[in-house]
**Student:** 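The following block contains the structure, expressed as structure tokens.
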Amino acid sequence: MSKSTRRSKKQRSGGSVDPAPLSEARSLWPPRRLIVSLCSLAAAAALVRAGLLESVVGGIVDGAVRNIITLILGFSALMSAVLWFVRESGHRSTWKRGLAFGLLGLVALGLATLRIERVSGDLVPEFRWAWQKSRDTLLARPAAAPPSLTATAPWQPAPHDFFRFLGPAGDASLPPSAPALDPAWKKNPPRELWRRPIGAGWSGFATYGDHAVTLEQRGDEEIVTCLALATGEPEWQVAVTARHQTVLGGTGPRSTPTIHDGVVYAAGATGWLFCVDGVTGKVLWKKDVLADLGIDAAAHALAVAWGRSGSPLILGDVVVVQGGGPRADGPVALVAYDRSTGERRWTAGDDQISYVSPSLLMLGGREFLVAVTESQVIGFDPATREEAWRFPWPGHSNSDASCTQAIVIGPNRLFISKGYGIGCAAFDVEPGVDGAWTVKEAWRNKAGMKTKFTNVAFHEGHLYGLSDGILECLRGSDGKRMWKGGRYDQGQLLRVGDLLVVQSEPGDVVLVEATPEAHREVARLSALSEQTWNSPAIAGDRLLVRNAREAACYRLPLRSGEVTDRAAPNAGTTNVDATPAAETPPEADPAPAASGEEKPAA
């Protein structure tokens, strides 16, 4: 009798059928292959977080790339576990359906209730409730002092004015005449003079005498704001209806005003250029640079994705700013306007712009107007505006952008750096035959000084900067790394004598010795409490810091024997809230971009 016949008879007689072999039953526990896969993904994530992937694939792996790869690996591990549980495990079908629908529900709930307000320099997102408005949209325009109090006397310069982006020379180093800082902050800490809310944006402060000027975003208005340096009280504001906002780049203007002879020149993120009388806050002239050059604003916003960031440069009787594109006749690298009338005087170059401010640099005993464009470093003759030389510096202003100023590190040598796996290089500019100039690369270091959107200071033959968020020192002669240490994320720095004043991205201000021997952090101040991409300003013994939420001024201790040109107001007291209560609201949603309608000063 066959087995099937016996089984049929057993079934008809009421007997039970033998269960299937245990090897055919679905397990409640993950199989070995899944455990190996999850362990492999975890090990890969650990290697990425430890920075070991960079030695395999090169310098393109920065903090942002590490975070993206870690997210992909984590998502892969989660999906592998979920798919096994739902499709292959022996758990009850109700549990499987509950897990699947629960995850889908959480995703739908997150999409409906959360939004990404902005991201850090390493692409870590900051989430907010979908119904919460952006903070800057709830900030009312601050009330300025009456005109009779601000227009009675002309602005007088001070010996240590910080009147442009990155200081008087525009190279992130204060001149030797600047007061020497006392690094003993534990014994003699900086004194907070004032603190106040401020609109969004990554602009820094420029100072002139007793006045400090910056740019900010409040709702749909881009505002040039002048504050009293001593108290932080508003003196005047000039606003235009314009708004730049992206998730990756944040909200608001990102250039720093330039002050010359008591006149303020300010360039906004959407293309507006203002010339404002410092005494009265009266607009002397204004210019929509994009419209003036015939640039398509929508196409320009795609090409220069994170907002126009170049600060104005005063060159004789003109003010020089970035040009841009696309336009019918091709992009323009630089454009100059008459300082008195605002009339366009000339244009130079045919490259798309980057996020680097134009500068006037001395090389080979001659001045050059230098523009770091989207893919080149170009030197122009300031008199004729003719191109004298160029150095290839690949990039795109909507992806691997250039944001770092070129600085002089030798009689004929220029240094340039950027992030996105490019690193840094130095090249020599020398006179050739028939009046031509030659450019020759001196050295290149793809693993060094990966300055994503920060700048570099040069001191006694060495370079100091934040390389992928970590402070680094390179030898200027050959690019050799001397040391690397101290994570300050995507912050900014200034050099004052033999000290580096580092503004960390989380908000702390840190003093580090400017020495090639080793990384030595000597003092730290909790100056701000949120993401800070803004460059600090130091005018005498005053430290001005800000981010997209608040601004503050500190009096820094000076070394014995040093004097400053200003007396400390309210000596012995600290004003920690010099702002009306109406300027401390909850949170808000972005207002739509609008036209360039000028608003009168408050």
Side-chain angles (χ1 to χ4, degrees), residues 64 115-119 121 123 125 134 136-137 199-203 215-224 239-256 266-274 286-312 321-335 337 344 347 349-358 371-375 395-403 418-420 452-453 533 548 589-598:
R115 63 181 175 85
I116 299 177
E117 175 77 1
R118 60 190 180 194
V119 297
L123 297 186
S134 298
D136 70 275
T137 63
W202 308 121
S203 175
L215 285 153
E216 58 176 312
Q217 187 79 41
R218 297 191 181 219
D220 62 352
E221 289 185 335
E222 190 175 68
I223 305 173
V224 186
V240 65
T241 303
R243 184 181 180 89
H244 172 82
Q245 181 174 18
T246 63
V247 171
L248 294 182
T251 301
R254 42 259 291 136
S255 68
T256 296
T270 61
W272 281 100
L273 174 64
F274 278 92
K286 61 175 180 149
K287 188 71 65 173
D288 183 344
V289 175
L290 298 189
D292 182 62
L293 294 176
I295 297 173
D296 182 283
H300 183 74
L302 294 176
V304 186
W306 298 298
R308 298 170 65 88
S309 304
S311 301
V321 294
Q322 294 176 312
R327 58 196 292 266
D329 298 333
V332 169
L334 300 173
V335 57
Y337 294 98
R344 191 201 322 159
T347 61
D350 56 1
D351 283 42
Q352 179 61 281
I353 65 172
S354 67
Y355 302 90
V356 181
S357 303
V372 180
T373 65
E374 184 177 56
S375 59
H396 305 83
S397 292
N398 55 10
S399 54
D400 52 339
S402 293
C403 303
K418 67 183 295 182
Y420 307 101
K452 194 169 186 178
F453 37 76
W533 289 347
D589 228 13
S595 64
E597 176 191 354
E598 181 192 346

**Student:** Just do the side-chain contact (heavy atoms from CB on, under 4.5 Å) check on L302 and N398 with the steps written out, would you?
**Tutor:** CA-CA 7 Å; L302 294 176; N398 55 10; 5.9 Å; no
**Student:** So do D220 and T137 actually touch side chain to side chain, heavy atoms under 4.5 Å?
**Tutor:** no
**Student:** So, does S311 use its side chain to make a donor-acceptor pair with the main chain of T256 at under 3.5 Å?
**Tutor:** yes
**Student:** May I ask you to test the V304-I353 pair for a side-chain heavy-atom distance under 4.5 Å?
**Tutor:** yes
**Student:** Ignoring hydrogens and geometry, is there a side-chain-to-backbone donor-acceptor pair from S255 to S309 under 3.5 Å?
**Tutor:** no
**Student:** Do D400 side-chain atoms and H396 backbone N/O form a donor-acceptor pair below 3.5 Å?
**Tutor:** yes
**Student:** Backbone N or O of T251 within a donor-acceptor pair of the Q245 side chain at under 3.5 Å?
**Tutor:** no
**Student:** Using modelled atom types and a 3.5 Å cut-off, is there a donor and acceptor pairing between side-chain atoms of Q352 and backbone atoms of G325?
**Tutor:** yes
**Student:** Looking only at heavy atoms, which two atoms of V335 and G323 are closest? And how far apart?
**Tutor:** CG1-CA, 4.2 Å
**Student:** Tell me if a side-chain donor or acceptor on R243 pairs with a main-chain N or O of G219 at a distance below 3.5 Å.
**Tutor:** yes
**Student:** State, yes or no, whether a side-chain contact exists between V321 and L334 at a heavy-atom distance under 4.5 Å.
**Tutor:** no
**Student:** Side chains of Q217 and P253, heavy atoms from C-beta outward: is any pair under 4.5 Å?
**Tutor:** yes
**Student:** Got T347 and L293 here, is their nearest side-chain heavy-atom distance under 4.5 Å?
**Tutor:** yes
**Student:** Minimum heavy-atom separation for A266 to L215, with atom names?
**Tutor:** CB-CD2, 4.1 Å
**Student:** For residues L290 and W272, determine if any side-chain heavy atom of one lies less than 4.5 Å from a side-chain heavy atom of the other.
**Tutor:** no
**Student:** For R327 and H300, test the side chains for any donor-to-acceptor distance below 3.5 angstrom and give the result as yes or no.
**Tutor:** no
**Student:** So does S397 get a backbone contact from the side chain of Y355, meaning a donor-acceptor N/O pair under 3.5 Å?
**Tutor:** yes
**Student:** Where do A242 and T270 come nearest, in terms of heavy atoms and distance?
**Tutor:** CB-OG1, 3.4 Å
**Student:** H244 and E222: side-chain contact (heavy atoms from CB on, under 4.5 Å), yes or no, with the steps?
**Tutor:** CA-CA 9 Å; H244 172 82; E222 190 175 68; 5.5 Å; no
**Student:** Check G252 against A269 and note the closest heavy-atom contact, atom names and distance.
**Tutor:** O-CB, 3.8 Å
**Student:** Could I get the full list of side chain to side chain donor-acceptor pair (under 3.5 Å) partners for T373, not counting sequence neighbours?
**Tutor:** D351
**Student:** State, to 0.1 Å, how close A64 and G121 come at their nearest heavy-atom pair, and which atoms those are.
**Tutor:** CB-O, 4.4 Å
**Student:** Would you confirm whether K287, through its side chain, and R344, through its main-chain N or O, come within 3.5 Å as a donor-acceptor pair?
**Tutor:** no
**Student:** When rounded to the nearest 0.5 angstrom, what is the spacing between CH2 in W533 and SG in C403?
**Tutor:** 10.0 Å
**Student:** With distance as the sole test, does K452 use its side chain to make a donor-acceptor pair with the main-chain N or O of Y420 at under 3.5 Å?
**Tutor:** no
**Student:** Nearest 0.5 Å, please: how far is CZ in R308 from OG in S354?
**Tutor:** 11.0 Å
**Student:** With rounding to the nearest 0.5 angstrom, report the CH2 to CG distance, W306 to L248.
**Tutor:** 6.5 Å
